[in-house]
**Q** 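Below you'll find the structure I mean.
Because only heavy atoms are used, hydrogens play no part in the values below, and waters and symmetry mates are left out as well, while side chains stay in. Everything numeric in this text was worked out from a predicted model, so none of it was measured.
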Amino acid sequence: MANIKSAKKRILVISTKTERNKAIKSKVKTYIKNVELAVAEGDKEKANQALLAATSEIDKAASKGVYHKNNASRKVARIAGLVNSMN
């Protein structure tokens with residue numbers, strides 16, 4: 001355990017940020033899962049709506065620094081490809 005006051009503060013701040021990042025990542029995974037489920041069901045309209053929502057959440061996570069922009073872009077491209085492959 002840290003003895004210096006600033007080090008103790010950093011530990012608290014890091015744990016707070018870690019919890020926030022975990023929550024955001026979990027939310028993004030849920031939205032991606034919703035897209036995958038809609039694609040598996042074959043419901044194109046539902047899949048498009050889920051894709052729109054998931055893209056928005058992924059972009060928000062990237063803007064907050066939870067995901068790198070390239071990682072976010074890759075996630076969006078993969079789920080968009082899933083939805084576009086439905087014909």
Side-chain angles (χ1 to χ4, degrees):
M1 186 65 192
N3 292 322
I4 299 168
K5 186 176 182 181
S6 62
K8 289 178 182 177
K9 181 180 177 185
R10 294 311 312 162
I11 290 170
L12 289 174
V13 170
I14 287 169
S15 65
T16 303
K17 287 183 177 183
T18 300
E19 288 302 314
R20 174 180 152 266
N21 290 347
K22 278 184 186 176
I24 292 171
K25 284 184 179 186
S26 177
K27 191 175 189 181
V28 167
K29 287 178 189 176
T30 302
Y31 277 90
I32 290 173
K33 191 171 102 176
N34 290 341
V35 173
E36 291 170 348
L37 286 174
V39 170
E41 291 173 3
D43 188 351
K44 185 129 177 119
E45 182 63 32
K46 188 176 173 184
N48 280 326
Q49 291 175 349
L51 174 65
L52 202 62
T55 302
S56 174
E57 285 301 319
I58 293 169
D59 289 343
K60 283 181 197 173
S63 71
K64 292 177 183 177
V66 178
Y67 288 117
H68 188 274
K69 65 183 178 104
N70 291 355
N71 188 352
S73 178
R74 185 177 69 243
K75 286 180 184 301
V76 170
R78 285 180 179 172
I79 59 174
L82 273 178
V83 173
N84 290 337
S85 68
M86 294 175 63
N87 287 329

**Q** Please report the shortest heavy-atom distance between Asn3 and Lys8, naming the atom on each side.
**A**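 Looking at all heavy atoms of both residues, the closest pair is O-CE, 3.8 Å.
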**Q** Is there a side-chain contact between Val39 and Ile79, using heavy atoms and a 4.5 Å cut-off?
**A**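 No, every pair of side-chain atoms sits at 4.5 Å or beyond.
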**Q** From Asn48 CG over to Met86 CE, what is the distance, rounded to the nearest 0.5 angstrom?
**A**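 These two atoms lie 8.0 Å from each other.
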**Q** What about Val76 and Ile32, same hydrophobic cluster or not, with Ile/Leu/Val/Met/Phe/Trp/Tyr joined at side-chain heavy-atom distances under 4.5 Å?
**A**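 Yes, same cluster.
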**Q** Between Ser73 and Lys69 (side chain of the first, backbone of the second, donor and acceptor by atom type, cut-off under 3.5 Å), is there such a pair?
**A**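 Side chain of Ser73 to backbone of Lys69, a donor-acceptor pair under 3.5 Å: no, none is there.
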**Q** If the condition is side chain to side chain donor-acceptor pair (under 3.5 Å), which residues does Lys46 pass it with, not counting sequence neighbours?
**A**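 Result, side chain to side chain donor-acceptor pair (under 3.5 Å) vs Lys46: Glu41.
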**Q** Does any N or O in the side chain of Lys25 come within less than 3.5 Å of the main-chain N or O of Val66, such that one atom is a donor and the other an acceptor?
**A**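 Absent.
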**Q** For Glu45, enumerate each residue passing the salt bridge (Lys or Arg N to Asp or Glu O under 4.0 Å) test, keeping only those at least two apart in sequence or located in another chain.
**A**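 Here no residue qualifies.
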**Q** Does the side chain of Arg74 come within less than 4.5 Å of Asn70's, by heavy atoms?
**A**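 They are not in contact (no side-chain heavy atoms under 4.5 Å apart), so the answer is no.
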**Q** Between the side chain of Thr18 and the main-chain N/O of Ile14, is any donor-acceptor distance below 3.5 Å?
**A**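 Side chain of Thr18 to backbone of Ile14: a pair is present.
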**Q** For the CG atom of Asn34 and the NZ atom of Lys29, what is their distance to the nearest 0.5 Å?
**A**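 One gets 14.5 Å once the value is rounded to the nearest 0.5 Å.
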**Q** Looking at Ile4, I want to see if its CD1 is surrounded by more than 12 non-hydrogen atoms of other residues, nucleotides or ligands under 6.0 Å.
**A**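 Incorrect, the count does not exceed 12.
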**Q** Is any side-chain N of the basic residue among Lys60 and Glu57 closer than 4.0 Å to the acidic one's carboxylate O?
**A**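 Yes.
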**Q** Do any N or O atoms from the side chain of Thr55 and from the backbone of Leu51 form a donor-acceptor pair under 3.5 angstrom?
**A**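 Yes, Thr55 side chain to Leu51 backbone: donor-acceptor pair under 3.5 Å.
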**Q** How long is the span from the OH atom in Tyr67 to the CG atom in Asp59, to the nearest 0.5 Å?
**A**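 Answer rounded to 0.5 Å: 12.5 Å.
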**Q** Between atom CD1 of Ile58 and atom CD1 of Ile24, what is the distance when rounded to the nearest 0.5 Å?
**A**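 Ile58 atom CD1 to Ile24 atom CD1 measures 13.0 Å (nearest 0.5 Å).
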